[in-house]
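Down below is the structure, laid out as structure tokens.
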Amino acid sequence: MSRLLIVGPQGSGKGTQGVEIAKLLNIPAVSTGDVFRANIGGETELGLKIKSIVAAGNLVDDALTGEVVRDRLAQADAAEGFLLDGYPRNLVQVADLDAFLTERGEKLDLVVELGVPREESLKRLVTRAAEQGRTDDTEDGIKRRLEIYEEQTTPILDVYRERGIVATVDGVGTIDEVLGRIRAELVSRGLLAA
Ligand code: AMP
């Protein structure tokens with residue numbers, strides 16, 4: 001079983017591809033964004049606390065986010081593998097995840113980096129905002145999230161690149177085209193049978 005991350009700017013299709021990869025590998029897809037949105041929608045204590053932060057496109061507190069991830073990965077279905085979507089998102093979270101995995105005697109097998117040019121992700125985000133009306137898809141929120149991705153999230157890729165576990169995949173194309181590229185990477189790294 002495998003432990004993976006999918007990393008890409010908002011609007012890169014990482015949520016969609018993450019779910020598909022998880023199906024291929026028979027592991028749960030864990031999206032911190034989905035967990036946060038569910039809590040906001042359900043007006044839970046956590047949801048009320050983070051609502052304005054998420055709406056502004058800012059990052060939720062690292063400790064709080066780490067707790068959410070630890071709780072989720074402690075569930076039985078993640079014992080043998082998982083795909084994380086949207087976590088870690090900065091260097092502090094990388095260190096937190098490393099500590100957590102080390103405690104479990106585990107390590108990451110692969111980080112899939114979905115590469116999409118800024119104009120393309122902006123275009124997709126604006127379309128999604130119109131179609132789905134996501135609370136965090138306001139114009140300012142979108143800009144802020146792309147800014148945070150460039151400033152805080154891309155440095156995490158350097159750390160993983162040094163470990164030799166990053167597969168960069170071109171994220172421009174249809175869902176099936178992009179998934180085909182990811183599948184080829186999984187096969188070439190021995191994570192999926194050809
Ligand atoms: P996403 O669906 O991954 O784009 O996440 C939506 C929003 O949830 C982000 O803009 C953040 O406000 C929050 N969020 C998701 N993942 C994290 C994380 N790892 N750390 C902090 N905030 C996060």
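These numbers come from a predicted model, not from an experiment. In listed order, ligands and their atoms are each counted from 1.
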One finds that the ligand 1 atoms under 4.0 Å from a non-hydrogen atom of Q10 are 4 (O)

Per-atom contacts, ligand 1 versus Q93 - under 4.0 Å to a heavy atom = 18 (C), 19 (N), 20 (N), 21 (C)

Any ion pair linking R181 and D176 (charged N to carboxylate O, less than 4.0 Å)?
-> no

Hey, are S2 and D109 close enough side-chain-wise for a donor-acceptor pair under 3.5 Å?
-> no

Per the side chain to side chain contact (heavy atoms under 4.5 Å, CB included) rule, which among V54, I53, V35, L46 passes with I40?
-> V54

Can you list the atoms of ligand 1 that are under 4.0 Å from a heavy atom of Y87?
-> 19 (N)

Report the member of I40, V60, N58 with the shortest heavy-atom distance to atom 11 (C) of ligand 1.
-> N58

Can you find an N/O atom of K14 closer than 3.5 Å to an N/O atom of ligand 1?
-> yes

What about G86: any of its N or O atoms under 3.5 Å from an N or O on ligand 1?
-> yes

N or O contact, S31 vs ligand 1, cut-off under 3.5 Å | no

Proximal atoms of ligand 1 relative to T32 (non-hydrogen, under 4.0 Å) = 15 (C), 16 (N), 17 (C), 19 (N)

In plain terms, say whether R183 and E20 are close enough for a salt bridge, that is, a side-chain N and a carboxylate O under 4.0 Å apart.
-> no

Give yes or no for whether the N/O distance cutoff of 3.5 Å, strictly under, is met between R89 and ligand 1.
-> yes

Taking 4.0 angstrom as the limit, do E103 and R70 come out as a salt bridge?
-> yes

Residues R128 and E131 bridged, charged N to O under 4.0 Å = no

Is it true that R124 and E120 have a side-chain N and a carboxylate O under 4.0 angstrom from each other?
-> yes

d(L186 CG, L110 CG) to nearest 0.5 Å is 6.5 Å

Of all the atoms in ligand 1, which lie at a distance below 4.0 Å from a heavy atom belonging to R145?
-> 4 (O), 10 (O)

Under 4.0 Å to a heavy atom of T65 - the qualifying atoms of ligand 1, by number | 18 (C), 19 (N), 20 (N), 21 (C)

